[in-house]
2 protein chains.
Amino acid sequence: MDIKSTLLGFLSRQSLTGYELKKRFAISFSFFSGLSYGSIYPALKKMEKEELVTQKLEIQDGAPNRKVYTITSAGRKAFIEALKEPFHWEMPKNTFLTRLFFFAHLSPEERQAAAREHLEALQETQRQIKAFRPKIEAGADFYQLQCYHFGLRFYQDIIRNVSEVIRALEKQPDE
Amino acid sequence: MDIKSTLLGFLSRQSLTGYELKKRFAISFSFFSGLSYGSIYPALKKMEKEELVTQKLEIQDGAPNRKVYTITSAGRKAFIEALKEPFHWEMPKNTFLTRLFFFAHLSPEERQAAAREHLEALQETQRQIKAFRPKIEAGADFYQLQCYHFGLRFYQDIIRNVSEVIRALEKQPDE
DNA sequence: CCGGGCATGTAATCTGTTACATGATTGA
DNA sequence: TCAATCATGTAACAGATTACATGCCCGG
């Protein structure tokens, strides 16, 4: 699923502006990916041209004008199609793994430091995910909750995995 | 760690051609990422200009000429620096998660099918990783083996995680 | 008075893939 | 004879990020 389909997904619940879409995205997928305005606004423009969404300018006073996007029936159809498409598994590019691969070039202390640093970064992310819980539980349906729990378990697993590497590094009889 | 550093990593063991570098990469990181000639050759050219590597043309008969790249001391230094750099944790972009998030738009059967399809793709990848074992054990040092085991556990964990989602979908009292 | 939230957008840049172009050798 | 392996490279495209540009309102 590309950006477009994801935006359509959010729009199929309610009409939103580009600004609001970014927020939804941040809340729902914060721990997996982000989305910048630089990709949202052009995508919306394109989708308007393709008649997957319609746009309505709302003039506000005391606040900047907003462009509210509404999904069309063609948009709904495209979204459902995208959901059903067979998907290709994308390999995550794991920067830790690349480093670990070349750990022989570091001293035992540097190895320990690098691995621990990584572990702490993961734990910090995990804390953030947990802090997000109330926000997510507020508006999520059954599947969106599954999504959240999937994310939690995912980080739990990687943390365990990295911990195991650290343990192995400790046991390793230095060089 | 970017491509350049990774290439330097391989070159710090022995001099290699672009063609060989791709192979190394494929064996070592096949299950995490690939690298195409379209990025390797330009990267090598750039690194030559930056004097991180030197190049030597080897004329062969009966086979195409090859350009063997050798790391320089500046290259070694740059590589070690890159290894030590503090790293930012990159979120994996999980396409399954994005779909799961919008599963309410599919029928119970379609949900089951999508989830199982994903599970099977993961299991297939896992099989491939396991099949790679002898090739990796042949030339890997302690850390590179750790890397391999990390990969195995990683897939094992995701498979368990997705299985749990499937179980939850089954228990879910349809709509 | 300053930072943050609201709100939209563009341009430059980066990083990488895919497809194309070339061409000899070897083994089934 | 057909596919695979060896071997290098470019050009077009894709997908996204970052930084920039603009500007008002509100709360501390």
Side-chain angles (χ1 to χ4, degrees), chain A residues 1-7 15-27 29-30 32-50 53 55-69 82 87-95 98 135, chain B residues 1-8 10 15-27 29-30 32-50 53 55-69 82 87-95 98 135:
Chain A
M1 295 234 312
D2 54 345
I3 288 189
K4 278 202 219 165
S5 311
T6 313
L7 294 180
S15 299
L16 296 163
T17 67
Y19 189 82
E20 286 167 333
L21 277 164
K22 184 167 188 267
K23 277 187 143 186
R24 298 296 163 114
F25 209 91
I27 291 170
F29 298 115
S30 57
F32 276 102
S33 50
L35 220 47
S36 57
Y37 295 127
S39 38
I40 291 175
Y41 288 120
L44 285 170
K45 218 173 224 183
K46 222 177 173 184
M47 289 161 78
E48 203 195 335
K49 231 185 278 175
E50 294 165 349
V53 295
Q55 185 241 94
K56 205 181 167 184
L57 185 68
E58 263 183 26
I59 289 144
Q60 304 187 113
D61 56 54
N65 297 337
R66 25 192 278 137
K67 290 185 177 171
V68 182
Y69 288 90
F87 49 60
H88 50 284
W89 162 244
E90 260 185 69
M91 321 274 188
K93 46 164 57 202
N94 195 311
T95 49
T98 321
K135 267 196 186 170
Chain B
M1 295 234 313
D2 54 344
I3 289 189
K4 278 202 217 166
S5 310
T6 313
L7 295 180
L8 286 177
F10 282 110
S15 300
L16 296 163
T17 67
Y19 189 82
E20 286 167 333
L21 277 163
K22 185 168 188 267
K23 277 188 143 186
R24 297 296 164 115
F25 209 92
I27 291 171
F29 298 115
S30 58
F32 276 101
S33 49
L35 221 46
S36 58
Y37 295 127
S39 38
I40 290 176
Y41 288 121
L44 285 170
K45 218 173 224 181
K46 222 177 174 183
M47 289 161 79
E48 203 196 334
K49 231 186 279 176
E50 295 165 347
V53 295
Q55 185 240 93
K56 205 180 166 186
L57 186 68
E58 264 183 25
I59 288 144
Q60 304 186 115
D61 57 52
N65 297 338
R66 28 192 277 138
K67 289 185 179 174
V68 182
Y69 288 90
F87 49 60
H88 49 285
W89 163 242
E90 261 184 69
M91 321 274 187
K93 45 165 57 202
N94 196 312
T95 49
T98 322
K135 267 195 187 170

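Atoms considered below: every heavy atom in the structure, side chains included; atoms not considered: hydrogens, waters and symmetry mates. Proteins come first, then strands; the chains are lettered A, B, ... in the order of their sequence lines, and each starts at number 1.
- Along DNA chain C, the nucleotide closest to Pro42(A) and the one closest to Asn65(A) are compared, and the more 5′ of them pairs with Asn65(A).
- When the P atom of dT15(C) is taken as reference, atom CG of Leu35(B) falls 13 Å away, rounded to whole Å.
- The distance between atom CE of Met47(B) and atom P of dT15(C), rounded to the nearest whole Å, is 14 Å.
- The side chain to side chain donor-acceptor pair (under 3.5 Å) check on Asp2(A) picks up Ser5(A), with sequence neighbours excluded.
- Side-chain proximity of Lys67(A) to dA7(D), dG9(D), dG9(C): nearest is dG9(C).
- In this structure Ile59(B) satisfies the side-chain contact (heavy atoms from CB on, under 4.5 Å) test together with Leu57(B), Asn65(B), sequence neighbours excluded.
- In this structure, NZ of Lys22(B) is placed 14 Å from P of dA7(D), rounded to the nearest angstrom.
- Whole-Å rounding puts the Gln55(B) CD to dA7(D) P distance at 14 Å.
- The distance between atom CD of Glu58(B) and atom P of dC6(D), rounded to the nearest whole Å, is 15 Å.
- Lys4(B) is linked by a salt bridge (charged side-chain N to carboxylate O under 4.0 Å, His left out) to Glu50(B), counting only residues two or more places apart in sequence or in another chain.
- The shortest distance between side-chain heavy atoms of Glu20(B) and Val68(B) does not fall below 4.5 Å.
- For the helix from dC1(C)-dG28(D) to dA28(C)-dT1(D), the rotation axes defined at the first and last 5 base pairs enclose an angle of 40°, given to the nearest 10°.
- For the pair Lys23(A) and dC6(C), the criterion of a side-chain N or O lying under 4.0 Å from OP1 or OP2 is met.
- Remark: Gln60(B) is in phosphate contact with dA7(D), judged by side-chain N or O atoms under 4.0 Å from OP1 or OP2.
- Taking atom OH of Tyr19(A) as the reference point, atom C1' of dG4(C) lies 9 Å away to the nearest angstrom.
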### Query
Once each nucleotide of nucleotides 18-28 of chain C is scored for protein heavy atoms under 4.0 Å, what B/S/- sequence comes out, 5' to 3'?
B----B-S---
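- Applying the salt bridge (charged side-chain N to carboxylate O under 4.0 Å, His left out) criterion to Glu48(B), with sequence neighbours excluded, gives no partner residue.
- Annotation: side chain to side chain donor-acceptor pair (under 3.5 Å) contacts of Gln60(A) (sequence neighbours excluded): none.
- Between Gly18(B) and Tyr69(B), the shortest heavy-atom distance links the atoms N-CD1, 4.5 Å.
- For the pair Lys46(B) NZ and dT10(D) P, the interatomic distance rounds to 14 Å; values are reported in whole Å.
- A search for salt bridge (charged side-chain N to carboxylate O under 4.0 Å, His left out) contacts involving Arg24(A) returns nothing, not counting sequence neighbours.
- For Phe29(A), the ring pair (Phe, Tyr, Trp, His ring centres under 6.0 Å) criterion is met by Phe25(A), Phe101(B), not counting sequence neighbours.
- Going from atom CD of Glu48(B) over to atom P of dT8(D) covers 13 Å, rounded to whole Å.
- Of the side-chain N and O atoms in Lys45(A), one or more sit less than 4.0 angstrom from OP1 or OP2 of dT10(C).
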